Amino acid sequence: MITTYLAQSPTLEDFGKDVWWLVLLKIVAVFVMLLLLTLFTINYERKVVARMAVRPGPNQVGPNGWFQSLTDGLKLPFKEEIIPKTADKVVYFLAPVISATCAFTAFAVIPFGPMVSIFGQRTPLQLTDTPVSVLLVLACASIGVYGIVLAGWASGSTYPLLGGLRSTAQVISYEVAMGLSIVAVFMTAGTMSTSEIIRAQEHGNPINLFGLEVTAPGWYAVLLAPSFVIYAISAVGETNRAPFDLPEAESELVGGFHTEYSSFKFAMFFLAEYINMITVSALCTTLFLGGWRAPWPISFWEGANSGWWPMLWFLGKVLLLLFGFIWLRATLPRLRYDQFMRFGWKILIPVSLLWIFALAGIKILQRQEGGPAQYLIIGSVVVVVLLLALLWPSGKKEPTVSLEEQIAARPKGSFPLPPMDLQVPPSPRARRDVAERQPALTGARGDTAATGETGPGATDQSSPNGPADKEV
């Protein structure tokens, strides 16, 4: 009997019907896939960054160095573990467990493909789904920061504590921007279920533009481009990746929140960071890039969205987004902390709110039977917003004051300034009249010179070249 695989998108009614062994098989498969993706991503990052920096990168362990991350993963658990005396032992142990557990849990609602047949059982390529699956991912990301904060506090050291506090402020600011960017997807798709959001991007949106039928792209990365850009920026800040890696900035915090961690506990933090990268990339693929559905022009093939092929398209999109993470790390310098927080609160969040209000107005206009006039109104609003953004007056710059004016304005009794020409004058306490000394002479000529006598052994002091060399 030949099993026919249909490109059927699963619905909420298709979940909760699997037998126990199939659920266990899916859990193990997701766990193993995340571990393999983590090992691959670590080596992938090393090779891409090395190529961008014109370096060889890992090339010794395994074929072309692809087993380097595997050997590192096997080495870390067997390294010596050092626990500070001032650490809170229980919280010190639970912190990496919380981070790793939340990272794995968030991947439970990510769809990998359509309905397939596994050992004769018809099941969706997804562990589970709920009407609020996207909120589950956001909740896991929010709880995962507790592992970072508790790690910084439980270490009993200053630098980890500062890194944990930074991470708290960072997640609060960028979690708000990420949540607001996803609101636009909820408004357009009408659901928070991940499988239903992929179904909403299945077909393009037909638009009647001045009597001409135009099919707009179905991917929300195109329809909701501002939300896609805001989500991409917020995801980088959410995962503590460069240029937003302030909680573990080695230039001022040694290693940040995991400075006092070693051995297997450090490996769990390392694992959680890369799984979070994979999770936000997979969620971005689901919300904005059509999920597991084949991109154009592969979508013209009838069997592109059937069977196990969709897993290949899904992983390809995820790897493309991971390349973006790596590219940013190899290109951009780390932001200053005040710049980082100002960017989140004063730019990303206000832009997200304005975009949501604009999208709500567009949705209301689309429900009305206005014909081409509604598109003229929408276009006019977009043009006005762009003109306001371009022509918005900037704050007055303070007049620049010259260095001489700044020095003259200093109050009396201020601390003395160093010389501006970088030439340090000699100290008056070490003054020596070296130039006024007579040249040192030895022998009989020196004796006669010292007594001021003239004669056959006297020196000629009037000569411009110093003592005379001839005897009179």
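Quick caveat, the model's predicted, so the values are computed rather than measured.
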What donor-acceptor contacts under 3.5 angstrom involve side-chain atoms of residues 83-92, with partners at least two apart or in another chain?
unit_1 : atom_1 : unit_2 : atom_2 : d
Thr86  : OG1    : Gly156 : O      : 3.3
Asp88  : OD1    : Val90  : N      : 3.4
Asp88  : OD1    : Val91  : N      : 3.4
Tyr92  : OH     : Glu260 : O      : 2.6

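- Applying the salt bridge (charged side-chain N to carboxylate O under 4.0 Å, His left out) definition to pairs two or more places apart or across chains, those involving residues 21-34 are Asp18-Lys26.
- Legend: salt bridge (charged side-chain N to carboxylate O under 4.0 Å, His left out) pairs involving residues 273-288, not counting sequence neighbours, sorted by first then second residue: Arg241-Glu273.
- A donor and an acceptor atom, one from each side chain of Ser133 and Glu196, are nowhere located under 3.5 Å apart.
- A side-chain donor from one of Ser193 and Asp129 sits under 3.5 Å from a side-chain acceptor of the other.
- No hydrogens or angles considered: nothing links the side chains of Thr41 and Thr38 as a donor-acceptor pair under 3.5 Å.
- Remark: Leu136 engages Val109, Cys140 in a side chain to side chain contact (heavy atoms under 4.5 Å, CB included) (not counting sequence neighbours).
- When the ring pair (Phe, Tyr, Trp, His ring centres under 6.0 Å) test is applied to Phe314, the partners found at least two apart in sequence or on another chain are Phe112.
- For Lys317, the salt bridge (Lys or Arg N to Asp or Glu O under 4.0 Å) test picks out no residue, with sequence neighbours left out.
- Counting only N and O atoms by type, the side chains of Thr11 and Glu13 include a donor and acceptor under 3.5 Å apart.
- Crowding of Trp327 atom CH2: a count of heavy atoms from other residues, nucleotides or ligands under 6.0 Å not exceeding 12.
- For Trp292 and Trp309, the ring centers sit 6.0 Å or farther from each other.
- In this structure, Pro111 and Thr286 have side chains that are in contact, with non-hydrogen atoms separated by less than 4.5 Å.
- A donor-acceptor pair under 3.5 Å links the side-chain atoms of Ser173 to the main chain of Gln170, judged by distance alone.
- Residues Met33 and Phe107 form a side-chain contact, since some pair of their non-hydrogen atoms from C-beta on lies under 4.5 Å apart.
- Residue pairs meeting the salt bridge (charged side-chain N to carboxylate O under 4.0 Å, His left out) criterion with at least one member in residues 99-121: none, sequence neighbours excluded.
- Shown here for Ile98 and Ile143, the closest heavy-atom pair between the two residues is CG2-O, 4.0 Å.
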Steps toward side-chain contact (heavy atoms from CB on, under 4.5 Å) verdict (Ile230, Leu180): CA-CA 9 Å; Ile230 294 171; Leu180 290 176; over 6 Å; no

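- More than 12 non-hydrogen atoms from other residues, nucleotides or ligands lie less than 6.0 angstrom from CH2 of Trp313.
- Once rounded to the nearest 0.5 Å, the distance linking CE of Met178 with CD1 of Ile349 reads 12.0 Å.
- Looking at residues two or more places apart in sequence or on another chain, you find no salt bridge (Lys or Arg N to Asp or Glu O under 4.0 Å) involving Arg55.
- By the ring pair (Phe, Tyr, Trp, His ring centres under 6.0 Å) test, Phe264 is found to be paired with no residue, residues two or more places apart in sequence or in another chain being considered.
- Other residues, nucleotides and ligands contribute only 12 or fewer heavy atoms inside 6.0 Å of the CZ atom of Phe93.
- At a cut-off of 3.5 Å, with distance as the only test, a side-chain donor of Tyr274 or Glu45 sits close to an acceptor on the other residue.
- In terms of modelled atom types and a separation under 3.5 Å, the side chain of Tyr159 and the main chain of Gly152 share no donor-acceptor contact.
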Test side-chain contact (heavy atoms from CB on, under 4.5 Å) applied to Phe270 and Lys265, step by step: CA-CA 9 Å; Phe270 205 65; Lys265 294 183 179 63; over 6 Å; no

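- Within 6.0 Å of the CZ atom in Phe269, the count of heavy atoms belonging to other residues, nucleotides or ligands exceeds 12.
- Sorted by first then second residue, the side-chain hydrogen bond (donor to acceptor under 3.5 Å, both in side chains) pairs that include residues 136-154, not counting sequence neighbours, are Ser142-Glu175.
- In this structure Arg46 satisfies the salt bridge (Lys or Arg N to Asp or Glu O under 4.0 Å) test together with Asp72, sequence neighbours excluded.
- Not a single salt bridge (Lys or Arg N to Asp or Glu O under 4.0 Å) links Asp14 to another residue, sequence neighbours left out.
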